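Since the structure is predicted, the reported quantities are computational estimates derived from the model, not experimental observations.
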Amino acid sequence: MSNATDDYSDVISRRRFVQLTGVSGAAALAGCGGSSDDGGSTESSDGSTGDSSSTDSQGGSGVIDTTLTGATNNGVPSNLHVNPMATQNYDWIAGNHLFERFAAYNFSTQEFELAGLSDWSFEGTTVTLTLRDDLAWDTGDAVTAADVILQFRLMKKTGATLWDFAESVEQGEDDKTVVINLERPSNPEIIKHTLANGDLRIHGYRPVYEEFLDKDAAAIQQFAWEEDIHGNGPFSFESKNDQAWTLSRNDEFYDADNINFTGYELLNRQDNTALQQGLMGGGLDVVTSLFAPPKIVANFPDRVEEVTLPAKWGYGVLFNHDDEHFGKRKVRQAVAHVINRQQVADNAGPRTKDPAPKVTGIAPADQESWLGDAYGNFEGYGMDATQSEKAASLLRDAGYSKSGGTWQDSNGNALGGSYVTPAGWTDWTTATNTVVDQLNAFGFDFEINSLPGGDYFGAYIESNFTMGAFYWLPGGARSSFPYFPLRWQMTNPDIDGGHNFPEGDHTVPAMDGSGEMTLNPLEEIQSVATTQDEAAVSETVTRVAWHHNQTLPMLGLVGKFDQSWLTDAEWDVVSKDDAARGVKWPSHWLPKQGKLSATK
């Protein structure tokens with residue numbers, strides 16, 4: 001990473017200009033360069049103007065008046081909000097800075113670490129959560145059990161995983177204790193992964209959320225929290241506009257003493273290329289998650305550090321099960337036979353992508369260990385090949401024929417449509433181009449429909465699509481426990497179940513190759529949450545994975561490693577062997593640990 005494309009002194013002056021002038025400065029720089037991104041091709045002429053004030057200390061407090069600059073590529077901040085129960089236009093990057101989490105999973109130590117909790121205990125049908133005594137809203141008011149209970153009750157309306165095993169929630173012995181009453185003794189590993197999921201934050205601020213308790217789920221799922229935002233995380237909301245979120249150090253945060261800088265700004269960047277240029281040119285100090293191909297990584301300057309973490313996440317294909325064609329199992333299976341997953345991985349990122357050996361709903365690296373002797377029976381759909389003959393046979397069986405090189409229905413309508421994909425996710429753009437090229441070469445007729453953040457999720461939430469790109473695993477440590485991804489592929493809460501996978505019984509070929517088997521896959525996988533018998537868990541996981549292999553609620557193509565980015569030109573960053581880097585995400589987790597701090 002030594003081949004910097006910009007002179008270092010230019011980089012410093014440019015970034016400090018942005019800090020001093022805020023988003024208007026960023027916009028001005030973008031305008032000078034004739035580009036909306038934050039690349040290093042343009043340079044402010046007054047770089048020396050603000051050097052002194054940007055590093056002045058405040059009254060001997062030890063807090064330096066400077067801003068850590070990151071970015072969001074989830075959309076225009078003025079259109080985003082921080083209510084995680086309303087998935088459309090929710091900005092998780094901003095939300096993670098504003099709200100503390102219950103706990104975290106450390107990929108380096110493979111252990112859970114408590115955050116907003118001081119203790120959790122599991123006994124019989126009772127889970128007891130103890131909030132930190134010093135966990136407070138940025139108003140100075142304590143975060144209490146009542147806040148968390150309210151949040152959990154609202155999460156019940158939205159079908160959150162927690163309620164697969166919870167029967168009720170109530171206050172414990174004091175106002176910092178929450179008791180989750182279980183339907184029956186449950187698997188503690190699932191409960192820990194649920195609570196340590198990075199997307200689950202303590203956000204139930206009662207003055208805002210209490211009114212939704214008596215309303216239906218749609219009300220909370222449509223609420224965009226944009227005003228009167230009060231969190232309990234390391235940073236507080238100050239403002240947002242088209243260009244950026246502006247956050248400030250939260251003096252009420254329990255570990256505020258670890259944070260020695262005043263602000264955290266999240267600039268709006270539309271795509272991966274703009275984020276890469278921001279790191280290259282010094283306009284960005286950190287990027288939470290960003291794909292960068294080997295050529296780009298090699299050209300990053302020495303000040304840029306890459307942190308790789310298991311993603312348990314990756315590119316997959318989402319079907320609209322209400323579609324008259326792709327709602328048919330044989331058509332979905334034909335698609336699976338056509339797509340060469342190895343080629344998708346090779347094209348989209350051979351350094352960070354791995355193809356799924358089988359199509360099961362289980363993360364690639366975990367498939368053999370979970371499926372055991374049954375692994376060989378699962379249909380592979382040709383991981384590294386396009387199996388045209390098998391695909392054609394399935395389509396003919398389903399009543400389609402090929403004419404003029406295109407597969408058609410009985411009315412002569414081409415089999416295809418628009419293929420939705422997120423704009424600006426460059427590795428996904430490459431994957432989508434590969435997938436659609438393969439499908440059209442076989443005889444489907446797809447056009448790529450590239451949509452920006454909110455529109456992309458909106459198309460799925462509103463079921464306004466035929467087929468498209470979507471992540472096939474929920475991501476993070478929880479994805480290593482198949483309960484989470486197998487359930488998630490059917491309910492897909494991130495799009496409010498917009499893929500319309502039908503609930504109830506499904507009949508598929510029997511696993512032993514003789515006859516058929518009927519199961520209710522959602523009920524079966526939900527039962528794992530309250531099963532402590534490991535053999536029974538394994539059997540259920542195998543049955544539901546087999547169902548997914550045959551029915552294809554989604555089509556998992558590749559897994560990946562996450563790439564997170566830090567810079568150390570003006571920041572003290574903990575050494576590369578520090579285990580704290582193993583928590584997602586370093587740009588969130590390290591500042592509050594005092595392991596990413598401003599230099600004096």
Side-chain angles (χ1 to χ4, degrees), residues 1 3-51 53-55 64-77 91 93-94 97 240-247 261-292 296-297 299-306 424 426 563-571 573 585-587 591 596 598-599:
M1 295 189 296
N3 298 323
T5 58
D6 298 294
D7 181 81
Y8 183 64
S9 60
D10 290 344
V11 169
I12 294 298
S13 60
R14 172 184 172 80
R15 192 163 66 81
R16 286 187 175 162
F17 174 72
V18 174
Q19 290 172 348
L20 285 168
T21 58
V23 294
S24 60
L29 288 178
C32 288
S35 169
S36 61
D37 64 46
D38 198 79
S41 60
T42 57
E43 178 54 41
S44 165
S45 61
D46 64 346
S48 61
T49 303
D51 285 353
S53 61
S54 67
T55 55
I64 299 173
D65 185 15
T66 193
T67 297
L68 184 69
T69 303
T72 179
N73 62 345
N74 294 321
V76 178
D91 192 342
I93 295 177
H97 289 300
K240 66 185 177 87
N241 54 33
D242 288 351
Q243 283 77 43
W245 290 87
T246 299
L247 314 178
F261 55 95
T262 53
Y264 204 137
E265 191 166 47
L266 297 173
L267 304 180
N268 171 26
R269 292 293 176 264
Q270 293 297 315
D271 54 36
N272 285 359
T273 300
L275 291 168
Q276 292 160 6
Q277 290 175 342
L279 287 170
M280 188 81 73
L284 298 176
D285 298 312
V286 295
V287 174
T288 301
S289 178
L290 164 67
F291 167 74
I296 297 294
V297 175
N299 284 323
F300 278 148
D302 288 343
R303 65 177 181 278
V304 179
E305 295 184 25
E306 178 186 22
T426 51
Q563 296 167 282
S564 191
W565 304 91
L566 309 170
T567 64
D568 61 6
E570 294 187 352
W571 302 90
V573 182
W585 297 89
S587 60
L596 196 169
T599 57

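- In this structure, CG on L290 lies 8.0 Å from CG on N73, to the nearest 0.5 angstrom.
- Judged purely by atom type and a 3.5 angstrom limit, T69 has no side-chain atom pairing as donor or acceptor with the backbone of L284.
- The backbone N or O of F291 sits less than 3.5 Å from a side-chain atom of Q276, completing a donor-acceptor pair.
- The shortest heavy-atom contact between P591 and P586 is CD-O, 3.6 Å.
- Although no hydrogens or angles enter the test, the distance criterion places no donor-acceptor pair under 3.5 Å between the side chain of R269 and the main chain of G75.
- Between Y264 and H97, the ring planes lie tilted relative to each other; the angle falls in the 30° to 60° range.
- The shortest heavy-atom contact between V304 and T567 is CG2-CG2, 4.0 Å.
- To the nearest 0.5 angstrom, T72 atom OG1 is 7.0 Å from N268 atom CG.
- Side-chain N or O atoms of Q563 include one that pairs as donor or acceptor with a backbone N or O of A292 at under 3.5 Å.
- Expressed to the nearest 0.5 Å, how far CG of L267 lies from CG of D285 amounts to 9.5 Å.
- The minimum heavy-atom distance linking A598 with T66 is given by the pair CB-CG2, 3.7 Å.
- Closest approach of E305 to D568, counting heavy atoms only: OE2-OD2, 3.2 Å.
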How far apart are the C-alpha atoms of F300 and M280, what are their side-chain angles, what is the distance that settles it, and do they pass the side chain to side chain contact (heavy atoms under 4.5 Å, CB included) test?
-> CA-CA 6 Å; F300 278 148; M280 188 81 73; 4.0 Å; yes
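- Note that CG of L275 and CH2 of W565 are 11.5 Å apart. Values are rounded to the nearest 0.5 Å.
- To the nearest 0.5 Å, atom CG of residue D91 and atom NZ of residue K240 are 9.0 Å apart.
- In terms of heavy atoms, G281 sits closest to R303 at C-NH2, 3.6 Å.
- Here OG1 of T288 is found 7.5 Å from CH2 of W585. Values are rounded to the nearest 0.5 Å.
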